[in-house]
Engineer: 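Quick one: the structure is below, and I'll ask about it shortly.
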Amino acid sequence: MNGKQAASYVVLAIVIVAFAVSIVLKGLLVTVGAFLTLFIFSFLYKDNPYYKFAEHLFVGVSAAYWMCMGFWGTMVPNLFGKLYPPMVGPVMPALKDNAAEPFMLIPLILGILLLLRLSSSVGWISRWALAFIVGTTAGLNLIRYLRSDFIQQINNTTFSLYATGATGFNLGETLSNIAIFVSVMTGLIYFFFSKEHKGAFGVGARTGIIVLMVTFGASFGYTVMARISLLVGRMQFLFGDWLGMMQ
Amino acid sequence: MSNGTEQKSIVERLQFIDRRIIFVFIGLAVVIPLLFGVSLEEETTPIVQRLFDFVDALPEESRVLLSFDYGPTTAPEIQPMMDAILRQCAERKAKLYMMAVWATGHNLTGETIAKILNPEYPEYQYGIDYVNLGYKAGNQGLIRLLYVDFKRMYSTDAAGTAIDSIPMMENINSLKNFDLIISFGGGFPGIKEWILYAGDPGKIPVGGGCTAVSAPLLYPYYPNQLVGLLGGAKGAAEYEAALLKAYPKFRGRKMAGMSLMMSQTVAHLVIMLFILFGNTLYFLLRASGKGRS
Amino acid sequence: MRRTVPLFITFIVGTVLVLAEFIPHKPFGNLGDDFSLYFDIIAVFAFLLGGGNLIRVHVTKIKRKRKDWIFSIVTLGGFLVMLAAGLLKIGNPGGIQGDVAVIGSLFSDLYMFIFTPLQASMFALLAFFVGSASYRAFRAKNKEATILLIAAFVILLGRTPLGLWVTGGLQDTSLAFLQIPNLANWIMDVPNLAGQRAIMIGIALGVISMSLRVILGVERTYLGQDND
Amino acid sequence: MHRKNKTIIVLGIVAFVAFACPNLLAQDMPDSAAVDLTLDSIAVLDDVQVATGPAPARLDIVRDAEGDQGSSVTLTWHLSPDDGSGADNVTGYEIFRAESPEGEFESVGTASKGMSQFEDATTTDGVTYYYYVAAFSDAGSTPSEISAGVRSSPQWFNSKDANTLVIGLIICLSVIYFIFHAQKGKKFFLRKIAGLEAVDEAIGRATEMGRPILFIPGIMDMDDVQTVAGITILGRIARTIADYDTKLNMPVSRSIVMTTARETIKQAYVAAGRPDAFSDDMVHYLTDEQFGYVAAVDGIMVREKPATCFYLGAFYAESLIMAETGNSIGAIQIAGTAMPAQLPFFVAACDYTLIGEELFAASAYLSGEPKQLGSLKGQDVGKIIAMVVILILCGLFTLAAITGSADILELGNTLQGWFSAS
């Protein structure tokens, strides 16, 4: 136990010295960025106090970041600026001459209802706001998905299976078209809830699973690349901007 | 996982190799090519070429909306695309309208202007040839509103200049006034929302540059709802290759997408080796009758 | 009051928004956008609840000296400094009228030098996890897993020059379509596209049915069970 | 069983025909609000020819924009002969508007060369406007004739979307039909979903091990329908958790989700007869930031070592970070999302995954209520419609391609046009 503790103090000392040296050589900002990067990466080895520090700092800073963005980006211009424009004059002069929009009282009231959640006696009133939110979500999404993901995706799947090119019949394309057709159909069959996956239907459903597995495998394989480029970006920062080892 | 009392063969133990060993290999695979600074030239695929050709066919002074819908996290992947397309648009003398539906995109807009547009195209004048409209909240709702009434949401540009005093904004009333919209970003809101709320209803050409992750699920929109799509670093490298082919003057310049590809390729190979290795072990185990099926 | 009113609100709001999609005339035409805007505003109000909760949790931890309480000070410190920097626009070149995230302000500095490296590093962890997940997941355990493995492997191979090198001999033969990069593109363009479509169509139906259940009040779990 | 399937198929076909009919009718009914102008009614303006400018464009139709909320007029024109051919010097078109033919015309916008349409979205409803379009080049600009008067007005029904309405109605009505049908006591067969079968077992395991259950409702707010789905599933699961008296930990990244989840869990505990066991602290807000959130969730995972993790909702890149960390601590993981890009990671790293539509079906499954289950059957009708439409149209197009028949192609195109979103 004591040895372990001693080791951790040694590590801490090294980190502090390295940090100090880096500040002298590279400046504060790059140093902070580099050390926070290393702290996060240390999680790959195991959970440790440095990761905990970075994690807790991240939570605090980012929560405040989004609150400020929400306040200056939404609350001031879209609520107060619309409810009573002169009020935001001192901070956003461009808005002060706009016409007031009394309907903005609705979100104001709903927002306040939501805050009543803090009170135990009238807390249930916050449900009215929740009901509004969920109703909006349901109403908006119903048509959106119907239009773009149902109708339009079906529309995109209607084509001639028999393909011709400049030189007449095109076997490759025809086979691809048939494959798309069969794959979409069997994929849909897999999602059927009210029919047992037996007999011919079962064959369809099993083919559907295969299609889904190819899709997942392909997406996964495709993604490996994307994920690595993010790491490349970080490494460029560490080895280039910080350590200066890259051209 | 834990070391039981029974003796385990080497093969069996390798089955559950400590993932930290994999981590080390991946780290090395990325870093080593970076330190040597090699790059890879790609061949352009049709889905990328189509966007390139579309931009290349734009008449002078066409209005192109570039939406910065990404943040620093995905910038390594997306920024090379932005740089390449921006250069091409500038070569085509297009009018550039820059905005962001991501809060994080705002800073990147400024950076892109400062790093690429201003030094490479000093003839581009603010307010006449390009404008930075900045970020607005509202996600897909914002896009819808812009479609209906552009200036209701953008009453000023990012710097707070009244929109009506910017010459190139004079005739912009709706997203329909644009000849091409290109959204850069993979998440929400992003290319999909631009398609659903602007491209589809207004028949406005929409192009996209996205992370490799989101590319497969944007494929279904191509070619009817999407002019073309750049997926991940490979998409960026392909676009750069097309750019180099059409504009030889860019040769000799460092192309970010292409140098990214080398690290990726090595890392890919490492991962594939691990997959092969894992499966070999698995079959060895099965053959010896100890594997689980 | 506690249940009926909310159900009624959901029903009315949901129905009106569905219909509004088909009625361009005022006041319906913009209703969807207006309500989305309302949502954003309510969400900002809710930040008060969230921020309050964050402060409460960490203050309690510090007060009671629970495990790792020292890190709660880090969270609270980061939170309060960033909040003050943003709300008061400290160091903003444009004063209180400037853009909150304008370069040069304390808010922007904290964002660029603390927030950004943390965010990007966290994201970069994915590269490592994708490696370990591939190693473990891509095993030919059964038929489905084998198919997943093969599809992923072909795509991976197709994304590297190795793919071309292995099957380069097929160039200019009638079997050119079997070249790994071509095969990879084919998998992306055909089975992947078809699979994504089937999933999307299914999701659309799921969303429609789910939304309908919510609007009709058949699904009311989100309001709590039927007890009061 | 057999009869019922027939019913569904018949319903599907009826649906297909039904959506087609109103569209057939709609074809013949011009929008009454539209003012179509033909060339006869366009006054010719012959005294403003500019010798050096390009040949003028020819105004084709100027009318109120269809199916909109007013304040918009659509103009289409024939390109100037010098656009793309002839002198090929047109650089663009400028659109002018006035409130009387003799009035002062002002510019309302421009269109690039090669474009032959413009939408003036700045009109005041009820005011009569007159338009002309000028083709311009570096040398000068040439106006077209002035159009006859046109007025914009809002419409009460978006005729362009009639097909969406009909298709939507059919699907919604079939869902409602089966909900009622089920409520009357009709029993349906429903196939198993492995992830849902495992829920009880997963909760039981956590109870046995005396470790908490982690529930992640995705990273989106309540305006994403997947979050709503996640929360409704939470409602069912929380009931079981309350019965088992297991510890639930739910970090969230959205304040409204926090409020909603607390309400949901509280009621589940009340329903289980254990209101005292509920505490607001079960649900706590971390940060709205995606990766800040995942950093903290990872921390919670490695420190608290939950026995079971649920990931149900809308996920982005963080899915794999969470699922891999969960995997490294040996938790049972049940995931479900409608984010196609994240599904592969969940499939790879979790024990069970609800794929897309299954996420939305899950709360109905878990509820076991007949009316909820009925809605799933309604969804199947939608799938049948999809399959029938794809089958018919692919059949027609294939037939047209093989026989080369223009009539069949025409029929296919018309049908396809009806089944389209815009």
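Numbers restart at 1 for each chain; the letters A, B, ... are given by sequence-line order, proteins then strands.
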Engineer: Tell me, for A/Val134 versus chain D, whether the close heavy atoms (under 4.5 Å) come from the side chain, the backbone, both or neither.
Structural biologist: side chain
Engineer: Could you look at A/Ile40 and say if it's the side chain, the backbone, both or neither that has a heavy atom under 4.5 Å from chain D?
Structural biologist: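 Contact with chain D is absent: no heavy atom of A/Ile40 under 4.5 Å.
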Engineer: Only pairs of heavy atoms separated by less than 4.5 Å count here; which of D/Leu391, D/Asp224, D/Leu396 has the most with chain A?
Structural biologist: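 So the answer, after comparing D/Leu391, D/Asp224, D/Leu396, is D/Leu391.
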Engineer: So what's closer than 4.5 Å to chain A heavy atoms on D/Asp221: side chain, backbone, both or neither?
Structural biologist: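 The answer is neither part of D/Asp221.
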Engineer: Given a strict heavy-atom distance threshold of 4.5 Å, which part of A/Leu161 is in contact with chain D: side chain, backbone, both, or neither?
Structural biologist: both
Engineer: Would you say the side-chain atoms of A/Thr186 and A/Thr207 include a donor-acceptor pair closer than 3.5 Å?
Structural biologist: no
Engineer: Could you verify whether a donor N or O on one side chain and an acceptor N or O on the other, from D/Gln416 and A/Thr158, lie under 3.5 Å apart?
Structural biologist: yes
Engineer: So which residue, D/Glu358, D/Met387, D/Arg262, D/Lys192, ends up with the most heavy-atom pairs under 4.5 Å with chain A?
Structural biologist: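 Most heavy-atom pairs within the cutoff with chain A belong to D/Met387.
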Engineer: I need the residue from D/Cys172, D/Gly412, D/Pro340, D/Gly299 with the largest number of non-hydrogen atom pairs under 4.5 Å to chain A.
Structural biologist: D/Gly299
Engineer: Ignoring hydrogens and angles, tell me if any N or O in the side chain of A/Asn170 forms a donor-acceptor pair with the backbone of A/Glu173 under 3.5 Å.
Structural biologist: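 Such a contact is found between A/Asn170 side chain and A/Glu173 backbone.
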Engineer: At a heavy-atom separation under 4.5 Å, does A/Phe181 approach chain D through its side chain, its backbone, both, or neither?
Structural biologist: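 For A/Phe181, the contact with chain D is made by the side chain alone.
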Engineer: Check whether D/Val347 gets within reach of chain A through its side chain, its backbone, both or neither, counting any heavy atom under 4.5 Å.
Structural biologist: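 Only the side chain of D/Val347 comes within 4.5 Å of chain A.
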Engineer: Which answer fits D/Thr325, side chain, backbone, both or neither, if we ask what part of it has an atom under 4.5 Å from a heavy atom of chain A?
Structural biologist: side chain
Engineer: Using a 6.0 Å cut-off, check whether atom CZ of A/Phe201 has over 12 heavy atoms from anything other than its own residue.
Structural biologist: yes
Engineer: Less than 4.5 Å to any heavy atom of chain A: does that hold for the side chain of D/Ile355, its backbone, both, or neither?
Structural biologist: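 It is both, since atoms from each part get that close.
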Engineer: Who among D/Val228, D/Leu399, D/Asp280 has the most heavy-atom pairs with chain A under 4.5 Å?
Structural biologist: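 Top option by heavy-atom pairs under 4.5 Å: D/Asp280.
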Engineer: Check whether any side-chain N or O of A/Ser126 sits under 3.5 Å from a backbone N or O of A/Leu113 as a donor-acceptor pair, and report yes or no.
Structural biologist: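 Not at all, since once roles are kept as given, no pair shorter than 3.5 Å links the two residues.
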Engineer: Fit a plane to each ring of A/His197 and A/Tyr190, take the angle between them on a 0 to 90° scale, and name the class: parallel (under 30°), tilted (30 to 60°) or perpendicular (over 60°).
Structural biologist: tilted
Engineer: Examine whether an atom of D/Phe291 lies under 4.5 Å from a heavy atom of chain A, and if so say whether it belongs to the side chain, the backbone or both; otherwise answer neither.
Structural biologist: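 It is both, since atoms from each part get that close.
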Engineer: Please tell me whether A/Ser194 and D/Asp380 have a donor and an acceptor in their side chains that are separated by less than 3.5 angstrom.
Structural biologist: yes
Engineer: Could you tell me which portion of D/Ala296 (side chain, backbone, both or neither) has an atom closer than 4.5 angstrom to a non-hydrogen atom of chain A?
Structural biologist: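 For D/Ala296, heavy atoms of backbone and side chain both lie under 4.5 Å from chain A.
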Engineer: With distance as the sole criterion, is a donor-acceptor pair present between the side chains of A/Arg234 and A/Thr37 under 3.5 Å?
Structural biologist: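 Yes, a side-chain donor-acceptor pair sits under 3.5 Å.
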Engineer: Among side-chain atoms of D/Gln342 and D/Ser319, is any donor-acceptor pair under 3.5 angstrom?
Structural biologist: yes
Engineer: Relative to chain D, which segment of A/Leu146 carries a heavy atom at a distance below 4.5 Å: side chain, backbone, both, or neither?
Structural biologist: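 Side chain only.
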Engineer: Establish, yes or no, whether the cationic atom of D/Lys383 lies under 6.0 Å from the six-membered ring centre of A/Phe192 and within 45° of the ring axis.
Structural biologist: yes
Engineer: Identify which part of D/Ala400 has an atom lying under 4.5 Å from any heavy atom of chain A, answering side chain, backbone, both or neither.
Structural biologist: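 Looking at D/Ala400, nothing touches chain A.
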Engineer: For the candidates A/Phe169, A/Phe43, A/Tyr145, A/Tyr222, which exhibits the highest count of non-hydrogen atom pairs separated by less than 4.5 Å from chain D?
Structural biologist: A/Phe43
Engineer: Identify which part of A/Lys52 has an atom lying under 4.5 Å from any heavy atom of chain D, answering side chain, backbone, both or neither.
Structural biologist: both
Engineer: D/Phe360 pairs by side-chain contact (heavy atoms from CB on, under 4.5 Å) with which of D/Val225, D/Leu376, D/Leu354?
Structural biologist: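 Option passing the side-chain contact (heavy atoms from CB on, under 4.5 Å) with D/Phe360: D/Val225.
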Engineer: Does any backbone or side-chain atom of D/Ile193 lie under 4.5 Å from a heavy atom of chain A? Answer side chain, backbone, both or neither.
Structural biologist: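 Interface part for D/Ile193: side chain.
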Engineer: Run the ring-ring contact (aromatic ring centres under 6.0 Å, His included) test on D/Phe346 and D/Phe315 for me, step by step, so that the C-alpha distance in whole Å, both residues' side-chain angles and the decisive distance to 0.1 Å come before the verdict.
Structural biologist: CA-CA 10 Å; D/Phe346 279 146; D/Phe315 289 87; 5.2 Å; yes
Engineer: Do you know which two heavy atoms are closest between A/Gly73 and A/Pro77, and how far apart they sit?
Structural biologist: O-CG, 3.2 Å
Engineer: Tell me which of these, D/Ala341, D/Ser253, D/Gly395, D/Gly292, has more heavy-atom pairs under 4.5 Å with chain A than the rest.
Structural biologist: D/Gly292
Engineer: Examine whether an atom of A/Val184 lies under 4.5 Å from a heavy atom of chain D, and if so say whether it belongs to the side chain, the backbone or both; otherwise answer neither.
Structural biologist: side chain
